[in-house]
Amino acid sequence: MSVLKPGSTLGILGGGQLGRYMAMAAQSRGYRVAVLDPQEDAPAHQVANTTIVAAYDDPAALLRLAESCDAVTFEFENVPATSLEPFAARGIPMRPGAKALASCQDRILEKTLVNACGIATAPWKPVHSAREASDTLAELGGDGILKTARSGYDGKGQARVRSAAEAEAAFAKFGSVPCVMEGLVPFLMECSVLAARDVHGRCETYPVCENTHADHILDVTICPARVSEASARAMRARTARIAEELEYVGHLAVEFFVLPDGEVLVNEIAPRPHNSGHLTIDTALNSQFEQHVRCAMGWPVVPYESIHTASAMANLLGDLWEGGEPQWEKLADFPEVRLHLYGKASARPGRKMGHLTSWAQTPTEAERLVREARAALVAR
Ligand code: AMP
């Protein structure tokens, strides 16, 4: 399989911050970038060589993208299958490919694939009716989470349910669409493994990241995760196994729950660069975006190579703008903290506007630094 030469064009479906960083990584290697996103001022449109402002299922726009690119990738997993047709018809490499996308945009298919690899998840069952919702909840011990099979993110399309009535009401509230019911997992920690797999099937993983969420949105990532060697090894090996099963090409992240006894369960797969991987921009020799672009353009994957002993990342959500523009000048007091902003004009609560990265000798120190720096931005 040959490498796509610099000068050729990477097409990206989706123009948010992930698309923007992919575009910048591609351009650094001499590639051109064409982005399709419905928003005129989308973060990736601001840096793209070719911008196509249209809906993701607009046939004419997809055709234009297909005609202008040599390989295509995605910044989100909910790309409609029909949107892939113009690329498949022209033999344009889609990286990751259709199998990975289809498996990761449906929780039923995703969990089935993971379990078929012999890898544990939270106990779960597919749910297709209100009756199934209440019955499966009872089977799982009466405390669970109902999740829509498709289109959920950042906690959307999820409901904690503790009784048959709650399970049936949640199923109805989601529009009676296919769901999964999961047993509640008493996890000690949530982690993610960043991995990249190339066209030759070679896979590299990054040291495990430890993630804390606030209101279901990633808040802080710390690397390396404060877990045992055995748990870390298991997470990295299982991620590589899943990437192989998906015939994956590109960068992905697998999210895990770590149980009190050190056992690990797969939560979900993100078939793209991931918010928890943003720290690799500043703390790895090869970032998740560099790896994604390398793999998409047919280059062999390379080691990520962490360049700091420990690092951390704190998201900057729109909430931080409530009292006015954050005081960026406060970051002058934090030489080991780096600011990233995505070029979004309006700050809404919950909207990911940017992030901070820090590095230090220990994960705990890196976490302290990044949290202190973020707090300083709004301290009046
Ligand atoms: P997800 O969209 O599946 O990643 O779920 C969002 C968040 O909900 C996770 O990061 C966990 O904090 C929590 N969560 C999801 N599933 C479970 C589960 N089975 N048990 C306990 N907490 C869960």
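- A donor-acceptor pair under 3.5 Å links the side-chain atoms of Thr283 to the main chain of Leu279, judged by distance alone.
- Side-chain atoms of Arg238 never come within 3.5 Å of backbone atoms of Ala120 as a donor-acceptor pair (strictly under, hydrogens ignored).
- For the pair Thr239 and Phe256, the minimum side-chain heavy-atom distance is below 4.5 Å.
- Between the side chain of Gln327 and the main chain of Ala379, a donor-acceptor pair closer than 3.5 Å is present.
- Of the listed residues (Gln288, His340, His355), just one forms a side-chain hydrogen bond (donor to acceptor under 3.5 Å, both in side chains) with His278, and that residue is Gln288.
- Looking only at distances, a side-chain donor or acceptor of Gln46 sits under 3.5 Å from a matching main-chain atom of Asp41.
- Looking at Asn115, its side chain does come within 3.5 Å of a backbone N or O of Ile119 through a donor-acceptor pair.
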**OP:** Apply side-chain contact (heavy atoms from CB on, under 4.5 Å) to Val370 and Met313, showing your working.
**Re:** CA-CA 7 Å; Val370 86; Met313 186 279 316; 5.8 Å; no

Subject >> Residues His251, Glu290; criterion side-chain contact (heavy atoms from CB on, under 4.5 Å); working and verdict >> reply: CA-CA 9 Å; His251 175 99; Glu290 169 76 14; over 6 Å; no

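- A donor-acceptor pair under 3.5 Å links the side-chain atoms of Glu166 to the main chain of Arg162, judged by distance alone.
- Two residues are said to be in side-chain contact when any heavy atoms from C-beta on lie closer than 4.5 Å; Leu18 and Phe289 meet this criterion.
- Side chain of Asp198 to backbone of Pro300: no donor-acceptor contact under 3.5 angstrom is found.
- Between the side chain of Gln105 and the backbone N or O of Arg150, no donor-acceptor pair lies under 3.5 Å.
- Under 3.5 Å, the side chains of Gln27 and Asn49 contain a donor-acceptor pair of N or O atoms.
- Across all their heavy atoms, Ala102 and Leu109 have their closest contact at O-CD1, 3.6 Å.
- A salt bridge is defined here as a Lys NZ or Arg NE, NH1 or NH2 lying under 4.0 Å from an Asp or Glu carboxylate O, and Arg272 with Glu77 meets this definition.
- In plain terms, the two heavy atoms of Tyr342 and Pro43 that are nearest each other are O-CB, 3.2 Å.
- In this model, a donor atom of one side chain and an acceptor atom of the other lie less than 3.5 Å apart for His274 and Glu255.
- At a threshold of 4.5 Å between non-hydrogen side-chain atoms, the residues Cys104 and Leu246 count as touching.
- At least one side-chain heavy atom of Lys111 sits less than 4.5 Å from a side-chain heavy atom of Glu182.
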Original post:
Between Asp219 and Arg371, does a salt bridge (Lys or Arg N to Asp or Glu O under 4.0 Å) hold up when you go through it step by step?
Top reply: CA-CA 10 Å; Asp219 185 35; Arg371 286 187 185 277; 3.7 Å; yes

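- In this structure a side-chain-to-backbone donor-acceptor pair under 3.5 Å is missing from Glu263 to Leu259.
- A heavy-atom distance below 4.5 Å is not found between the side chains of Val337 and Arg374.
- Under the 4.5 Å side-chain criterion, counting only non-hydrogen atoms from C-beta, Pro303 is not in contact with Leu285.
- Heavy atoms only, all atoms of each residue included: Met297 and Ser8 are closest at CE-OG, 4.3 Å.
- Ionic pairing of Arg226 and Glu367 is present here: one or more N-O contacts between side-chain nitrogen and carboxylate oxygen are shorter than 4.0 angstrom.
- Judged purely by atom type and a 3.5 angstrom limit, Arg236 uses its side chain to pair as donor or acceptor with the backbone of Thr205.
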**OP:** Before giving the answer on side-chain contact (heavy atoms from CB on, under 4.5 Å), spell out for Asn267 and Phe187 the whole-Å C-alpha distance, their side-chain angles and the decisive distance to 0.1 Å.
**Re:** CA-CA 11 Å; Asn267 175 26; Phe187 61 80; over 6 Å; no

Original post:
Arg107 and Glu268: salt bridge (Lys or Arg N to Asp or Glu O under 4.0 Å), yes or no, with the steps?
Top reply: CA-CA 8 Å; Arg107 290 185 194 273; Glu268 63 179 3; 3.0 Å; yes

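- Checked against Ser103 for a side-chain contact (heavy atoms from CB on, under 4.5 Å), the options Thr112, Leu113, Ile108 give a single hit: Leu113.
- Between Ser276 and the choices Asn315, Ile222, Thr221, Val208, the side-chain contact (heavy atoms from CB on, under 4.5 Å) rule is met once, by Thr221.
- Contact annotation: the side chain of Asp143 approaches that of Arg160 to within less than 4.5 Å [non-hydrogen atoms, C-beta and beyond].
- Counting heavy atoms from C-beta on, the side chains of Cys203 and Val301 never come closer than 4.5 Å.
- Annotation for Ser151 and Asn78: closest pair CA-ND2, 3.8 Å, computed over non-hydrogen atoms.
- Contact detail for Ala225 and Cys191: the closest heavy-atom pair is CB-SG, 3.9 Å.
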**OP:** Verify side-chain contact (heavy atoms from CB on, under 4.5 Å) between Ser176 and Phe171, making sure each step is shown before the conclusion.
**Re:** CA-CA 5 Å; Ser176 302; Phe171 183 77; 3.6 Å; yes

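- Nearest heavy atom pair, residue Leu137 against residue Ser163, reads CD2-O, 3.4 Å.
- Between Arg64 and Glu67 there is no salt bridge, since none of the side-chain N atoms of the basic residue sits less than 4.0 Å from a carboxylate O of the acidic one.
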